[in-house]
Amino acid sequence: MKIFNTLSRMKEEFVPLEEGKVKMYVCGPTVYNFIHIGNARPMIVFDTVRRYFEYKGYDVNYVSNFTDVDDKIIGKAIEEGVDSEVISRRYIEECKKDMAGMNVKPATTHPLATQEIDGMLEMIKTLITSGHAYKAEDGTVYFRTSSFKEYGKLSHKNLDELQSGFREIKVTGEEGKEDPSDFVLWKPKKEGEPYWESLWCQGRPGWHIECSVMAKKYLGDQIDIHAGGEDLIFPHHENEIAQSEAANGKEFSKYWMHNAFLNIDNKKMSKSLGNFFTVREISEKYDLQVLRFFMLSAHYRSPLNFSAELMEASKNGLERILTGVEKLCDLEKKAQKKSLSQKEEEGIREAGDLIKKFEAAMEDDFNTADGISAVFELVKLSNSTTDENSSKEYVVYLKETIEKLCDVLGIIAERKAEILDQEIEDMIKARGQARKEKNFALADEIRGKLLDMGIVLEDTREGVKWKRVQ
């Protein structure tokens, strides 16, 4: 299995720190509002990475945090006149609802920054004692980047260049820094903000220290994979490396994975451009399984463009798979228990080759786009080689194979049951009655009205089946 490591800028063979186990940390959202579709991409991508490791038999310890203390959370709390905790708790729950809709598995641990303050204070104290951090006059604690000789190794930025750049953008309130590239570990409280007691001042942690401490607590000093969006490479992940390796004296993470940006209609997502969408807003137009399918339709390191046309294409692609599995479910009910035919044995061998194709794609830096292509080929195989005379063994094998690979991708291969409202139910019954009375003109008229409402009917020997289209 090869993974593109941001640290080396190369694909590397994955070798876990401990055989059969994967320790994986993924930076989670700051919970001040509903998550947006940019947040959704790393959630879906790295959930799929986790699922594939589990499919291959690894025991995965998957940690993804919630940042529940932040300027934006505090600002929202002041705006609503409530405590910050009210805001963070509300949007953690909303985030979990959206994650469930996208079929993102809950992490092994979802730590909250506010519950890990003691660990942060301990790591900061260690960094000060070792000379990697210092306290300014106002009580702010900074990390001394010049003390960590490998600073910049993840982003491949030169420290001298960084220091020059930071000097140009120095902002008010940073006068206590020894150098502009130093970053905050602990900062003094402001009026109305939540704060904690420390040796240096009443205050709260900087953003970067949170993940270093939570990764250490729940995964250990060294982890296999650290992941997140490419916007986190610098400064967040660069600073995590500096803190963790300076404090622990060990390499922090062996592999660093980063997904590329998500654009909207070929433009960067921005509220000012009016192209900012939350996952909740998308769920009002599409099943979130469609969003997941869309996110996996491109390689995670490739920029992905979100548009209505591409979402429709994803919806149609997902529909092909669901329809294929639905056909197999119907055939399973009436298939006979009999020996495999020669044609079916050939079909099983071909399906086995497609499983290998799927695995090869996933093991080449998690190429989900090619993985989906293998699933499409399986559906095509099942459509062309099964009918009412197929053996139950063959039908079940194909169905379970497609479902298994879809599950690796987090795609639910079973069509969700829908509840028709009473008007539509009555129309379907009325059409059935018209057909019994051989009033086919009326039956066709009702069918046309249902089609206008987005309801497609299919007459089968088992009765009328329907599906909703948009």
Side-chain angles (χ1 to χ4, degrees), residues 1-16 22-30 35-53 60 62-67 99 102 104 107 150-158 162 183 207-208 210-212 214-215 219 222-245 251-264 268-269 292 294-306 361-371 410:
M1 186 187 301
K2 292 189 180 295
I3 295 176
F4 184 88
N5 190 350
T6 307
L7 193 64
S8 65
R9 291 186 175 178
M10 294 172 57
K11 285 184 184 178
E12 298 178 12
E13 189 71 28
F14 177 73
V15 180
V22 177
K23 295 189 286 186
M24 187 170 178
Y25 188 94
V26 179
C27 288
T30 300
I35 59 170
H36 55 73
I37 56 175
N39 299 132
R41 191 174 193 190
M43 287 180 178
I44 290 169
V45 163
F46 299 117
D47 175 69
T48 306
V49 170
R50 170 195 185 173
R51 285 170 177 270
Y52 188 74
F53 276 123
V60 183
Y62 187 94
V63 177
S64 186
N65 67 302
F66 289 117
T67 295
M99 289 169 66
M102 297 184 293
V104 173
E150 293 185 287
Y151 191 79
K153 67 179 179 178
L154 180 68
S155 57
H156 304 278
K157 295 179 183 289
N158 181 281
L162 288 172
F183 58 89
W207 174 36
H208 312 299
E210 298 174 9
C211 292
S212 286
M214 289 185 273
L219 296 171
Q222 290 183 286
I223 67 176
D224 292 294
I225 298 172
H226 198 311
E230 67 179 8
D231 56 314
L232 299 181
I233 295 173
F234 185 85
H236 185 50
H237 288 166
E238 195 73 73
N239 291 350
E240 277 191 67
I241 288 175
Q243 296 162 161
S244 295
E245 296 188 4
E251 181 184 39
F252 179 30
S253 179
K254 286 187 67 178
Y255 305 90
W256 290 83
M257 298 179 69
H258 294 93
N259 64 274
F261 287 118
L262 178 74
N263 295 320
I264 311 293
K268 186 177 179 180
M269 186 168 65
R292 182 173 186 121
F294 163 76
M295 293 287 187
L296 298 178
S297 64
H299 192 279
Y300 76 92
R301 286 191 292 111
S302 299
L304 183 58
N305 185 52
F306 179 93
M362 294 298 286
E363 294 190 13
D364 183 14
D365 194 31
F366 302 96
N367 190 336
T368 54
D370 284 358

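- Taking every heavy atom of both residues into account, Leu154 and Ile233 meet most closely at CD2-O, 3.9 Å.
- Residues Ala260 and Arg301 come closest through the heavy atom pair CB-O, 3.4 Å.
- To the nearest 0.5 Å, atoms CD1 (Ile3) and NZ (Lys254) are separated by 9.5 Å.
- In terms of heavy-atom proximity, Gly228 sits nearest to Phe46 at N-CE1, 3.7 Å.
- Put simply, CZ on Arg41 and CD on Glu230 are 8.5 Å apart, with the number rounded to the nearest 0.5 Å.
- Between Phe366 and Phe53, the distance separating the two ring centers is shorter than 6.0 angstrom.
- Closest of all the heavy-atom pairs between Thr6 and His258 is OG1-ND1, 2.8 Å.
- Annotation: the span from Ile44 atom CD1 to Arg51 atom CZ amounts to 10.5 Å, rounded to 0.5 Å.
- In this structure His208 satisfies the side chain to side chain contact (heavy atoms under 4.5 Å, CB included) test together with Phe183, Pro235, His236, Asn239, Gln243, sequence neighbours excluded.
- Within the 4.5 Å cutoff, side-chain heavy atoms of Tyr25 are placed close to those of Leu219.
- With respect to Tyr300, the side-chain hydrogen bond (donor to acceptor under 3.5 Å, both in side chains) criterion is satisfied by exactly one of Thr368, Thr48, Asp365: Asp365.
- Summarising the geometry of Ala107 relative to Ser64, their closest heavy-atom pair is CB-N, 3.9 Å, with the distance given to 0.1 Å.
- Between the CE atom in Met214 and the CG atom in Asn65 there is a gap of 4.0 Å [rounded to 0.5 Å].
- Glu238 places a side-chain N or O within 3.5 Å of a backbone atom of Ser155 that can act as its donor or acceptor partner.
- With a 6.0 Å cutoff to the six-membered ring centre and a 45° limit on the axis angle, Lys157 counts as a cation-pi contact of Phe234.
- Here Cys27 contributes atom SG and Asn39 contributes atom CG; the two are 12.0 Å apart, rounded to the nearest 0.5 Å.
- Under the 30°/60° scheme for interplanar angles, the aromatic rings of Phe294 and Phe306 are found to stand perpendicular.
- The side-chain heavy atoms of Asp47 and Val26, taken from C-beta on, include no pair separated by under 4.5 Å.
- Evaluation of the side chain to side chain contact (heavy atoms under 4.5 Å, CB included) rule for Asp370 yields Ala361, Asn367 as partners, not counting sequence neighbours.
- Checking Gln222 against Ser253 by side-chain atom types alone, no donor-acceptor pair falls below 3.5 Å.
- No donor-acceptor pair closer than 3.5 Å links the side chain of Glu12 to the backbone N or O of Phe4.
- The shortest distance between side-chain heavy atoms of Met43 and Pro29 falls below 4.5 Å.
- Side-chain N or O atoms of Arg50 include none that pairs as donor or acceptor with a backbone N or O of Val60 at under 3.5 Å.
- Looking at heavy atoms from C-beta onward, Met257 lies in side-chain contact with Ile225 at the 4.5 angstrom threshold.
- Within the 4.5 Å cutoff, the side chain of His237 has heavy atoms near those of the Trp256 side chain.
- Every side chain to side chain contact (heavy atoms under 4.5 Å, CB included) that Glu245 has, sequence neighbours left out, goes to Phe148, Glu150, Lys153, Ile241, Glu251, Phe252.
- In this structure a side-chain-to-backbone donor-acceptor pair under 3.5 Å is missing from Ser302 to Ala298.
- Contact of the Ile223 side chain with the Met24 side chain is not registered, since no non-hydrogen atoms from C-beta on lie closer than 4.5 Å.
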Step-by-step side-chain contact (heavy atoms from CB on, under 4.5 Å) determination, Lys2 to Glu363: CA-CA 6 Å; Lys2 292 189 180 295; Glu363 294 190 13; over 6 Å; no
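- Taking all atoms of both residues into account, the shortest heavy-atom contact from Asn259 to Pro42 is OD1-CB, 3.2 Å.
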Test log, rule side-chain contact (heavy atoms from CB on, under 4.5 Å), inputs Tyr52 and Met1: CA-CA 11 Å; Tyr52 188 74; Met1 186 187 301; 3.7 Å; yes
Verdict with reasoning, Phe261 to Leu304, per side-chain contact (heavy atoms from CB on, under 4.5 Å): CA-CA 7 Å; Phe261 287 118; Leu304 183 58; over 6 Å; no
